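Predicted model, so just to flag it, every value in this text is computed and none were measured. Along the sequence shown, the residues carry numbers beginning at 1. Remember, it's 1-based here, ligands and their atoms both numbered in the order they're listed.
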Amino acid sequence: MVTLTIDGKEVQVEQGTTVLEAAKKVNINIPTLCYLKDINVIGACRICVVEVKGARTLQAACVTPATENMVVLTNTAAVRNSRRMTLELILSNHPFQCPTCVRNQNCELQSLAEAFGIREVHYQGANPEHVVDDSSVSLVRDPEKCILCRRCVSVCEKVQTVCAIGPQGRGFDTVIAPGVDMVLAESNCVNCGQCVLVCPTGALCERDQTEQVWAALADPKKHVVVQTAPAVRVAIGEMFGMKPGSVATGQMVAAIRKLGFDKVFDTDFTADLTIMEEGSELIERIGTGGVLPLITSCSPGWVKFIEHFYPALLPHVSTCKSPQQMFGALAKTFYAEKAGVDPADVFSVSIMPCTAKKFEAQRPEMNSSGYQDVDVVLTTRELCRMFKQAGINFNELPEENYDDPLGISTGAAVIFGATGGVMEAALRTVYEIVTGETLASVDFVDVRGLVGVKEASVKVGDLDVKVAVAHGLGNARKLLDALQAGEANYHFIEIMCCPGGCIGGGGQPIPTNYEIRQQRIDGIYTADEAMTLRKSHENPAIQQLYKEFLEKPLGHKSHELLHTKYTP
Ligand code: HC0
């Protein structure tokens with residue numbers, strides 16, 4: 001341990017701790033525009049400079065280790081002047097588009113400029129012109145707004161191990177891009193949007209499709225239905241001042257209904273359906289000597305990752321479509337028929353925590369209703385924009401329920417939104433179907449939480465079912481490397497693209513950090529516990545769906561509508 005003094009406060013930290021982290025420990029907030037704990041620790045932005053007694057120059061707190069008897073001052077005239085000058089230099093090369101920027105009022109650069117009272121920029125930047133890259137169906141990249149902090153590069157490389165973007169060019173001409181003259185759509189970007197979550201400005205954002213939804217809502221010919229993903233309900237409240245993890249399902253449903261949707265349904269309904277289909281696929285593969293381990297297929301960033309990086313392992317991926325796409329296929333078949341609406345007039349919107357879902361909806365495999373099954377995917381952030389445009393007072397809305405029957409779900413479905421949730425939901429059902437016994441406890445806690453790779457073994461009848469769960473593609477890579485090396489002796493693996501699972505998706509409110517991810521996960525399990533039914537096979541609307549329409553899991557209709565194949 002070392003002991004140092006920061007602004008007169010004594011603090012004890014472990015050897016190797018930076019001054020920035022030591023300051024946090026005593027509640028002293030040092031601003032920064034590039035730092036990300038354990039991910040981007042490069043001292044690039046120079047905003048976090050502090051005075052260290054005995055040092056000749058100001059030191060960047062994020063890369064300066066705390067040492068014994070060190071005396072640090074974080075708020076002196078020299079420190080403030082340096083930070084102000086750095087901010088002005090950054091701003092001198094930044095477009096002044098704040099009112100029209102997607103990150104207006106949620107921009108770290110803007111907040112700091114405001115905090116430091118910058119009213120004038122005394123420097124003239126080079127301001128080179130760059131083209132906006134809007135080639136991706138999920139993400140938009142605006143190099144002119146980029147401050148070269150490298151957070152996006154580090155997240156893409158170190159957390160997701162995708163390495164889709166990096167610095168290109170030199171000096172004022174430096175841009176963060178997939179390659180010289182290359183656009184995102186041509187790269188191996190998996191559309192996860194983790195780069196968007198860490199971008200301090202508006203240089204990276206989701207492709208906004210709210211206008212398409214407004215147009216559909218205004219079209220009297222369109223029957224507009226919406227589904228909301230499990231993870232949206234525990235995050236959306238943050239954009240209206242609620243605590244992270246607040247379960248705002250009822251208000252969200254009420255607000256969506258106010259926008260004018262004809263029906264408000266729940267992705268959780270088809271999450272339960274996914275368990276019926278995927279659980280049956282697992283039982284079948286185990287029973288018939290099929291390819292094992294079976295790996296979940298519901299996270300589209302993950303699917304694109306395995307297609308790019310491990311195509312030989314694709315036979316392990318479940319043939320089940322994701323709940324979003326199962327919903328889309330049913331909306332324009334089963335539901336349209338039931339509601340007496342021409343499927344050509346059904347406009348199907350989904351609200352997702354995820355930017356990659358925009359990509360998934362447009363995949364050529366996702367047209368089994370005879371139309372594009374899901375027409376538009378909006379992220380949590382885009383939905384909030386619509387609420388704000390409509391003047392909806394979210395916090396004051398009385399709670400409302402989803403519409404029937406595609407709005408009925410169980411606790412097993414809501415936990416899909418957290419890492420380990422799909423696995424836990426599957427175990428709840430597979431156990432009871434195989435053994436015919438009722439589970440003493442539905443809580444499989446070994447697969448919960450933010451540990452990168454989790455393992456468990458569950459006795460199901462005579463078989464010890466061995467499972468593993470990974471979230472974040474770097475962790476997924478570890479499991480896939482083990483599988484390739486013949487060292488992954490599992491029956492079933494859950495992989496979610498984003499750290500923490502969908503609650504940490506690239507379309508969620510900003511900020512999304514480690515603590516907030518944990519709070520949203522807590523919200524997910526609170527929502528699960530509040531449900532009367534907590535096992536997918538007990539969902540009465542799913543039972544009815546099989547009776548009326550699908551007949552049985554893995555049946556002919558299921559194969560037609562709910563399954564697909566990803567080919568290398
Ligand atoms: Fe997810 Fe899903 S749980 S991927 O994270 O499986 O985005 O929330 O909607 O489809 O249900 C995202 C979240 C979903 C799907 C579900 C799955």
Side-chain angles (χ1 to χ4, degrees), residues 138 190-194 197 206 226-236 247 249 252 265-279 295-305 317-318 320-331 348-361 363 366 373-374 377-383 406-407 409-426 469-472 494-509 512 517 520-521 523-524 527-528 536 539 542 562 564:
S138 296
V190 299
N191 304 299
C192 70
Q194 290 301 305
L197 293 181
E206 67 286 346
V226 62
Q227 56 168 315
T228 66
V232 176
R233 67 205 69 198
V234 294
I236 196 163
V247 184
T249 320
M252 177 183 71
F265 291 136
D266 197 354
T267 314
D268 288 18
F269 170 78
T270 34
D272 279 331
L273 183 61
T274 300
I275 290 302
M276 298 306 293
E277 295 290 328
E278 201 160 288
I295 312 182
T296 57
S297 57
C298 43
S299 168
W302 145 244
V303 171
K304 193 157 187 275
F305 179 82
V317 175
S318 163
C320 288
K321 287 183 188 169
S322 73
Q324 164 174 279
Q325 293 307 139
M326 286 195 184
F327 184 97
L330 289 177
S348 171
V349 178
S350 71
I351 312 297
M352 292 284 141
C354 170
T355 45
K357 287 281 175 192
K358 288 176 184 279
F359 170 79
E360 182 184 54
R363 290 185 67 118
M366 303 304 170
D373 295 328
V374 173
V377 177
L378 299 182
T379 59
T380 312
R381 294 191 295 268
E382 288 166 271
L383 179 66
L406 277 62
S409 65
T410 71
V414 78
I415 60 174
F416 267 56
T419 165
V422 180
M423 179 59 70
E424 182 167 348
V469 172
H471 57 112
E494 176 203 295
I495 293 180
M496 284 291 176
C497 172
C498 294
C502 290
I503 50 91
Q508 291 284 61
T512 290
R517 282 182 163 95
R520 292 180 191 156
I521 288 175
I524 285 279
D528 170 31
S536 297
N539 181 333
I542 293 291
L562 311 180
T564 188

Just checking, any donor-acceptor pair under 3.5 angstrom between side chains of Thr512 and Arg520? yes

Any side-chain donor near an acceptor of the partner, Thr296 and Glu494, under 3.5 Å: no

Could you tally the protein N/O/S atoms lying less than 2.8 Å away from atom 1 (Fe) of ligand 1? 1

Taking 4.0 angstrom as the limit, do Lys357 and Glu360 come out as a salt bridge? yes

For Met352 and Thr267, the nearest pair of non-hydrogen atoms, with its separation, is CE-OG1, 3.6 Å

Verify whether one side chain among Gln324 and Ser350 offers a donor that lies under 3.5 Å from an acceptor in the other. yes

Strictly by modelled atom types, are Asp272 and Thr410 linked by a side-chain donor-acceptor pair under 3.5 Å? yes

So the atoms of ligand 1 within less than 4.0 Å of a heavy atom of Ala271 turn out to be 11 (O)

